[in-house]
A.B. asks: 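My questions all concern the structure below.
Numbering of ligands and ligand atoms starts at 1, following listing order. We use all heavy atoms of the structure for the numbers below, so side chains are in, but hydrogens, waters and symmetry mates are not. Nothing here was measured: the structure is a model prediction, and the numbers come from that model.
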Amino acid sequence: MIYLDYHATTLCDPRVVEAMLPYFGVSFGNPSSTIHEAGQNALSAVDTARQQVADLIGARPGAIIFTAGATESNNLAILGLALGTQAGYHLGVNTQPKRRRIVTTAIEHKSVLGPCHALEQEGYEVVTLPVRSDGRVDLEAARGAIADGTLLVAVQAANNEIGTIQPIAEIAEMAHAKGALILCDAAQAVGKIPVDVEAWDVDLLSISAHKMYGPKGVGALYIRGGAYGLPIKPLMYGGGQERELRPGTLNVPGIVGFGAACALSTELMLVEAKRVSSLRDSLEKILIAALPHVRRNGALDNRLPGNSSITFPELDAEALIANLPNIAVSTGSACTSGAPEPSHVLTAIGLDRQDAYSTVRIGIGRFTTESEIALTTKAIVEAAERLTRIQALV
Ligand code: PMP
């Protein structure tokens, strides 16, 4: 199989797997049980991983809270902030409970839209910003929406379907000018493009290990100033791990793997981005030459190196994919595949239902080879031509 669905998930890099293995076996200790050496070793491995994650995003290690992935990080940030500010004070600090507006965008992942929607039902006002046809947030609309009384602005760094990269630093500046906080869902961006929490000036940032060659089920929430830096309350209670914000015995092998994946990305990112984007560009060039009516979605100059979202007008994307039996590509995002509704991202950038159903997402990554791209383009062109011929007959 040729795997070209790197937005859905990535292979866990063999070097990451190797780094994790001892923590299933000889180094199996609980990092909270530091009375003995087994626990101390586990804690030291978690500390190293925390530093590796922090280094990749320009943060201090104390600002990293390990979670089970970006879904949990987004929920903890949004719901935890609402809980932490409702009472009007948190750890003795006035938290301005009158702030009841949340500004987000139409193309966020459901793990951002879902908790925003839940808060809307609790009486918060949620403003969903439109995006332009290239998928970038309309900054004028953002300026208008981020009014006094805004608690949080939640904008993703890069989109999981069309790869569009958002101007986070500019949006952060707007948020801070009104005293609001900014959450950046960087699940698709971290490890692929430079992410720097200081340069972007974000307050909260979500990361997922399995999108960047680490294991599934582990991620992090960056919190400016650490667990006590912002008025965020936990969503769960238990053993007080992660400075009481995310209790539960730490997933040591997962965290070690996440750290190793971050260290690898720190080392490989720039060269890898160049190689991956050149594979993507050659794939698109061949497809456009052979099928001139195809269209690319998203901001072509501001997108993830490995992303290609292509609309094949008049063709059904599912039928096209069914004609590519050995190639793993996707229609919408993994989380929405199989749902009867067209992708909310594609409709938000102005595609009609028909075009949304004619769109294929291709994700290229670390292990993609030139010959795989050559085989894929050939297979797609042949399948598209075959389907077009069949459609002309019926
Ligand atoms: N945000 C974005 C932009 C994503 O692409 C994803 C994964 N599809 C998530 C959040 C959720 O990440 P996780 O799988 O780690 O929960």
A.B. asks: Between ligand 1 and K216, can you find any atom pair, the residue atom being a heavy atom, that is separated by under 4.0 Å?
C.D. replies: no
A.B. asks: Kindly identify the option in D185, T9, N74 whose heavy atom sits closest to atom 2 (C) of ligand 1.
C.D. replies: D185
A.B. asks: Over all heavy atoms of both residues, which pair between M174 and L139 is shortest? Give the atoms and the distance, please.
C.D. replies: CE-O, 3.5 Å
A.B. asks: Which ligand 1 atoms, with their elements, are less than 4.0 angstrom from a heavy-atom of A187?
C.D. replies: 1 (N), 2 (C), 4 (C), 10 (C)
A.B. asks: Do L181 and L151 make a side-chain contact, defined as non-hydrogen atoms from C-beta onward lying under 4.5 Å apart?
C.D. replies: no
A.B. asks: Minimum distance, heavy atoms only, to atom 6 (C) of ligand 1: which one of K110, H109, H210 is it?
C.D. replies: H109
A.B. asks: Provide the number and element of each atom of ligand 1 under 4.0 Å from a heavy atom of S208.
C.D. replies: 13 (P), 15 (O)
A.B. asks: Which of parallel (below 30°), tilted (30 to 60°) and perpendicular (above 60°) describes F258 and F66?
C.D. replies: perpendicular
A.B. asks: Would you please determine whether E72 falls within less than 4.0 Å of ligand 1 on a heavy-atom basis?
C.D. replies: no
A.B. asks: Evaluate D47 against Q51 for side-chain hydrogen bond (donor to acceptor under 3.5 Å, both in side chains), listing each step before the verdict.
C.D. replies: CA-CA 6 Å; D47 285 345; Q51 183 72 53; over 6 Å; no
A.B. asks: Does an N or O from Q188, backbone or side chain, lie closer than 3.5 Å to an N or O of ligand 1?
C.D. replies: yes
A.B. asks: Pair D148, R101 - check salt bridge (Lys or Arg N to Asp or Glu O under 4.0 Å), show working.
C.D. replies: CA-CA 9 Å; D148 293 333; R101 175 181 280 217; over 6 Å; no
A.B. asks: For T104 and T128, what are the C-alpha separation, side-chain angles and deciding distance, and is it a side-chain hydrogen bond (donor to acceptor under 3.5 Å, both in side chains)?
C.D. replies: CA-CA 5 Å; T104 188; T128 307; over 6 Å; no
A.B. asks: Find all atoms of ligand 1 within a distance of less than 4.0 Å from any non-hydrogen atom belonging to G69, and give their numbers and elements.
C.D. replies: 15 (O)
A.B. asks: Under 4.0 angstrom from ligand 1, any heavy atom of S111?
C.D. replies: yes
A.B. asks: Below 4.0 angstrom from a heavy atom of T71, which ligand 1 atoms are there? Numbered from 1 as shown, please.
C.D. replies: 11 (C), 12 (O), 13 (P), 16 (O)
A.B. asks: Would you check if V153 and K178 make a side-chain contact, meaning some heavy-atom pair closer than 4.5 Å?
C.D. replies: no
